[in-house]
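Quick note on labels: first sequence line is chain A, next is B, and so on, each numbered from 1. When reading the values below, keep in mind they use all heavy atoms of this one structure, side chains included, and skip hydrogens, waters and symmetry mates.
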Amino acid sequence: MIVCIAVVGHQNNPLYIQSFTEADDALKLHHIVHCSLDVVDERVNNPKKSGPMLNETFLGLLYPTENYKVYGYLTNTKVKFILVTTDLDVRDADVRNFFRRFHSAYLDAVSNPFHVPGKKITSKTFAERVSNIVKSVSFHTTG
Amino acid sequence: MADPAHFALRKMLLDEITPVVMVLPTPLVEQRCQKNGLSFVQMLTPFCVFNNIDVPVRTASDQPYRLQKFKLRMFYGSDIRQPNIEVTKERLEQVIADAGNKEDSDLYLDPSPIEAMSTSSEPEFVPTWFQYFNKELVRSVSFSDHEAFDHPVACLLVVSSNDEDPINKFVNFFNTNQLPPLLNDGAMDPKIPKYFILVHDNQDGSPKRATKILAEMRNTFGSNDCRLLCINSSQDRLADHEPNPWAPYGSNASPGQHLGCLLNNEDMDELKAFVRDLLSKDIIPNMEQRIRVLNQQVSATRKGFRNQIKNLWWRKGKEDTPEVQSVNMYTFNSIESQIRVLGDYAFMLRDYELALSNYRLLSTDYKLDKAWKRYAGVQEMMGLTYFMLNQSKKDAEYCMENAFSTYLRIGTSGKGNATRCGLWWVEMLKTSGQYKDAAGVYFRISGEEPLHSAVMLEQASYCYLLSKPSMLRKYGFHLILSGDLYKKCDQIKHAIRAYRNALSVFKGTTWSHIHDHVHFQIGKWYAFLGRFDVAMKHMLEILACSHQSKAMQELFMKDFFQILQKTGKTYNISRLQLPIVNISSLSIVSEDHRTYGSPAAVSVKESVWQSLEEDMVPSLSNAKTTWLDLQSKLLPTKLKQSNVCVAGEALKVEISFRNPLQLSIPIYNVTLMCEYSANETLPDANSSSSVIEGDEDGKIATGRVSNSDTSFFTSSEVDITLAGGETTVAQLSVIPRKEGILRVTGVRWKLSDSMVGFYTFDSDFITKRISKQKRKAKQNTNKLDFLVIKSLPRLEGVINNLPSTVYAGNLQPLSLELRNSSEIPVKNLKMKISHPRFLNIGNPEVLDVNFPSCLEKKQPCDKGADFEATKQSETIFRFPKDTIINKETPFFLPLWFRSVTPGNVSLYLTVYYENEDKSTAMRYRTLRTHHILEVLPSLDVSFFISPCSSRLQEYVVRMDVINRTSLRNFKLHQLSSVGNEWQISLIESINHIFPSGNLVPGQALSCFLKLKNVKTTETKTDVWLGDDSSEAVFDTQRAPLVNFHHYERLHQKTSHQENQRTVDFMLISRMEESENVPSDLPTPPQIFSHHACHCSVSTKRPIWWLLDSPQVNHCNFSNSFCETKLKMTIHNSSSFVASVRINTFDAPPGGSPSGNKLGWHDMATLPMDDTSGTSTRKPVSLESVPPFIWSGSSTTRVKLEPNSTAEVSLLVTTFAPGTYDLSNYTLNWSLLDSNDSREKEGVCYGRPFYLTILREE
C-alpha cells in the first residue's frame, strides 16, 4: 500500500505531500520524506553508475526504514517525487511506472496558468488524479 | 602511531586493553590510606600510567623492541567480576542525568547556527560526556569469561605493618573464598605471580617493626617478591600537590578533603618508583615469559599440518555435543583459552602480528564449535588488531561487523558486548572518516533500551552532521528521534538539547509541520521545567499554524495560553502573527477642509469631488499650491509638508486583520498607536501617549469610548472576534484634542491580557497608499504625520428618508438636514448635486409640503416662477444669503427626489460653507456626502405617434405601458402633454380598454389617444386615466414635476430633433400599497412620473395630403358609368417652396408604379409609407375590385409656398356599383431651394381611400 506521496521543489521545499493512511501520522511521514531528501542529494551528487543511467529520472530505493520503503524520482527541473510504501516486495518496474504516471499528472498540474511555480500545488484536480493513480497501483507482484 | 587520525581509538584501546593487576589489601591498609582520602588502589592509580618507561621486550620470535608508553589497571579482588547489570544501568542513568544538569546553563542560550557547527572541529559541539558515557558502557561488560585481557596478570597482596601476624595474613589471602569467583570457577588462571607488599604508615612510628616484618616476609615468600612501602610521611597534613595527581580519580572523596594531604614528595617518589619497578621488573618480563611458554605450547599442539588435521578431526567429533555444555567447556587450561590468553597478552604487549595469528587460529576453532560468543569476541579482537596494525581496513571492518552481528544474534547475553563492539567499530569508522557508516552503526547499537538508544541516536546524528557532505536532514531527524526517547526517559533537558539542535536544521525551511512540532515540543518542555519565558519564545513560533488541522490548532492554542498564563509576564510582540495584519489594506483618512458625510463618501475618487466642487470652492486653494498662495502664508510650512487634521475631529484608519487559523479567535482592545508632540518639532516618543478610538463595521463588538486624562487624544478600543479564516476590516480612529503634531505609528491589539501584539507602520510603504487620497503636492512627505490645527466648525449633513431601494419614477419629498456641532456658526453655504435628474432642490421657504396634494392643480397657478429657480440650480444652488447655521439649530432644506432609470445610482452631494471665525487657518470647508441607491424597474412607457390619415394636424398616439415590477400593482393616474401646445384626448374611454384600473405585475396596456396641435392657452393637456374621477389632476407645470421634466428633456435630447416639432408626455401613476407590508404608519402615496420627451410628430416628408369626397355615392348608371369628384388637399409644412406632382395610375392599387407591370406581381412588396412605419396596408384582393379609371389629367403639378395649403380636384369614373380602393396614385414632391439633399425630394404613395358606389333605385 502506498502510504505517502510527496512533491518536493528544487529548493527542497515541500510542494505537495499527501498521506493515504487513516492514522494521524502526517508528522512522521513529513519526517521520512524530509529525511529522504538527504539520500536524494547524495544520489544526485555521487552518481555511481554512468552511461545508460546518466539521464535516468528514477532514483530507485532511497532507503528502507523499519516499516517503509522510500523511493525517489527526480525530474529535469530538480523537482523530486518521493514515494513511501509499506509493500516490502516491490518490483522496480512497477514503481517506475507509477512515477511516470505521477509525473504526467504533475506536469498537467504545473501547466495550469494559475499555478505559481515554486508554490504549493493546491489543485483539486491534481489531488484527485493522484489519489486515483495511487488507488489503481498495487505493488503486489508475485504475492 | 603518531598519525592523529588514528589517535582516538588507538588511545582508547591502549587505555582499555592493558594488563590488570589484582590488589588484595587488609582492612588496616585501607584505613591508613583513607587518611589521605584515598583507597589503596586510588593511591597507586596515578602512577600506573607510564609515558616513557622504555622497557625492552622481545617477541616470541626474539625480535627485540621497546615499550614506551604503558598502563596498568589495578582492581581490588572483589571488583574482578562481571558488573551487576542493575548497578551498571543506574550508573549510566546517573551519568546522563549529571550531564544534563551540567549543561543547564547552556540550555537557555540560543543554539549556535548550524553552519558554524559543521565547520568547527568535533569536540566543540559534540557533548563531551558522550565519551565518558561510552567508556562506562564499555566497562560495563568487562571481566567477561570469554575474554582474557581482563585476566589479572599479577596479584598484589598488601598488609599493613600494624597488622598482627602479617605473614599469616598473606597466607590467608589465598583462601579460596576471598578470591574472585572467576578465578575459582576456572575461567581465569589462579596461578598468577604474587607480590607481597608491606605498607608502613610513618605516623605510626619508626619503620623498625616494618623492616623486621619485611625480613620475615623475605624469608617466607622469597626475597624478590616482597616490598616495603612507606606512606604518610608528612606530619602536618600540609603536603600540597599542584597539580594534584589524584584529582581525576578520587571520585568518592568528600569535597573538603585535600587528597593525598599526608603524602609528601618522598612518598610520592616512592610510590612512583614502586609501581615502575613492579611493571618493568616483574609484570612485563612475566608476561613476556608467559607468551613464550604459551607460544611454544600452541606451536606444539596446533601449528603444523599434522596438528591441523588432527584438530579438524577432533572438532568434527565434537559436533554432536550440545551447546549448553560448550559454555563452560573452555577452562583456563583448555588449549582454546590458552590461545586466547596468548593472543591477549601479545596484544597488550603490542605484538600485534602474534596476536593476530593466534586470534585467527582461535576464531576457526570457535566457529566450528559454534561457541558464538567466544567467536564474536575473537572476531572483535581481530578487527582491533587489524586496526592497530593499520592495515587492511576492509578486513578490520569485516571482522567488526561479523563480531557485532554475532553478538546480536546470541541474544541478551551478547547485548552489552555488542554495544562495546559497536562503539569500537564506530570509532574505527570515524578515524577513517566514514561518518555516514558510523551513524548507521550507532543506529544499530540503539536497542530497545530507550535511554541508550537516545544517546546512540544523538551520537548518530552528530555523525551525519560530520559526514562529508553533511547530511543535515538526517542529522535533524535523528536528533528528533533521540529527543523523543530522552523525553520517554524523563531526561527533559537532554530532550530539549536534541530538539534545539534539530531546530537549526528546520529553521527557514518550509517544512512547517515539522517546524511547528519541534517548537511546540520545546515550548512544552521548557514550560515543564518552569522556564516559561523561554517556552513562550518557542510557542510564539507556532501561532500562525494555518496549515495544521483544526484539532492541532486547538491544541496549540490551548497550550499557548496555558503557558502564557503561567509566565505571568506581559508580552509585547512586534508583528504578532495572530491575527495577520494586512498592511496593504491600510488606509488613513484625515479631514482637512474636506469633510465626509459617510465612509462611502471617503472611498469616492478625489477627482469626482474635485470636478463637482470646481466652481464652488475658491480657486486659490483649489489650484496647486504655490508660494503666492494665501494659504501658504497663513499656514506654516510644516502644514504644507504634512497632512492636516482638525482638533476634535476623528482621524480614521482602516486596516484589515486576517485570522489564519480555523478557530475563531477574539482579539481585544484594538487600538492605534500614536505619538503626539505639542510643538512643531518632530514627535518624540517620550511625549507620546497612545490613544485610540475605534469602531467596527458589521457584527463586531461594541466600541468603548474612554477619555484619556492626558487629553491629547480621545480613545476607544475595539473587540473583534475573528471567525476561522476570516478577514475583518477594523475601523479605528484617533481624535486629537490639541494643536500640535500627531503621528500614527502603528496598531496594537491584545490576544489575551498578557499578550499584546503590535504592528508598526512602515512609512515608506504607506506613502503609496495614502497618496491616492491626498494632494499630489504632498507625495514626498511622511503620510503618517498629521498637523493638528485649531478646532473648526464642521457640518454634518443627512438626507432624511432617503430610501435605499426605489422603483424607477418614484417621486418623493425629502429634506437635507445640516447640523453644526461647533460653537462657531457657518455661513455662505452653497451646494451642488451630481445628478439633478434625481435630486431637486425645493423652495427653502416652504418646509412642510403636503405631499402629494401640493402637486395638484390649483387656481390660479403662477407658472414660471418655479421654473426660473430651477434653471438657476443647474449649476450651483446658493442657500439664501442670510442662512447661518448655529450650534444646535439644524437647518432643513427641502429636496425632491425622483428615481429615474433602473440600476445602481451614486449620488454625490457636496456642501460648501465658510466659517465666521476669520482667524483660523481654513476659511471654508466642504461636506461631501455620497448616497447609493438601487433603482428597480417599474413601468415601461413608450409612445408611438403617427399622423392621423383623416385629419390634418392631428395624430394618433399609441401608448404602451408595461408593469415591469414583480410584485406591485400600479394605478394609472394621468397622462399629460407638457407645455400648452398639444391637446390630448382619449379615443376610447379608459373604462372600456382598462376596466380594472390596476396594472398588475407583468401586465401590458396599450391605449390610443388623439393628439392635436393647438395654439390656444386653455389647452386640455391632461387626460385622466384613473377610475376615480374625483381625484385632482396634478399640475405638470409646477415644481417639482416641471423641474424634473426639464432635466429629463435635457437628458433625452438628441441633436437631430432640435428643429422638429416634438411633444413631451408625462405619465403619472400611483403604486398600490403592498398587502404584506404592515401599514401601521400612514405611508404617503407612492407617486410615479414617467417622462417621454421629444416624441417627434413631424415626418421626414414635408408634404401632407388628404383625399376628400363623399364616402358613398349613389348612381343610377344611366350613362353606364358614374363619375365621382374627389378633392385632394395638399399642405406644405416645410419652410421651403415645394413643387408637388400628382400621378394617377389605372393599374390596380398596389401595383408598383415604377414597374408598371401587368399580370402577376409580388403582392408582398407593397410600398410602405415611409414616415411612421406604423400604418400597414391591407393586401387587396384583385378579383374583388371592379375596374375604375381616373378621369381627368393623369398628372397635375402644383406649387406650394411654405406652410401653405392647396386643393386639387380629381375625378374617378366607375362602371359598376361596388367599393373601390382609390390608392393608386403617387405624389412626387421636391423642395426648391432646400440644401439638404436628403430631404430634397421624394415620392409618396397613395393611402387607401375607399369609395362605395351604390346603384340608385
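Crowding of B:F561 atom CZ: a count of heavy atoms from other residues, nucleotides or ligands under 6.0 Å exceeding 12. Environment of CZ in B:F560: crowded, with over 12 heavy atoms of neighbouring residues, nucleotides or ligands closer than 6.0 Å. Counting non-hydrogen atoms of other residues, nucleotides and ligands closer than 6.0 Å to OH of B:Y398 gives a total of 12 or fewer.
Taking CG from A:L37 and CG from B:L472, the interatomic distance works out to 12.0 Å, rounded to the nearest 0.5 Å. To the nearest 0.5 Å, atoms CD (A:E42) and OG (B:S467) are separated by 8.0 Å.
When side chains are defined from C-beta on, A:D41 counts as touching B:R473, because their heavy atoms get closer than 4.5 Å. Residues A:D38 and B:Y475 are not in side-chain contact: their nearest non-hydrogen atoms beyond the backbone lie 4.5 Å or more apart.
Classification of the A:H34-B:F506 ring pair by plane angle, with boundaries at 30° and 60°, yields tilted. Ring planes of A:H30 and B:H513: tilted class, angle from 30 to 60°. The aromatic rings of A:H31 and B:F477 are tilted relative to each other, their planes meeting at an angle between 30° and 60°.
Counting all heavy atoms, side chain and backbone alike, A:N13 lies closest to B:W511 at CA-NE1, 4.3 Å.
Contact of B:L481 with chain A is not made at all, since no heavy-atom distance falls under 4.5 Å.
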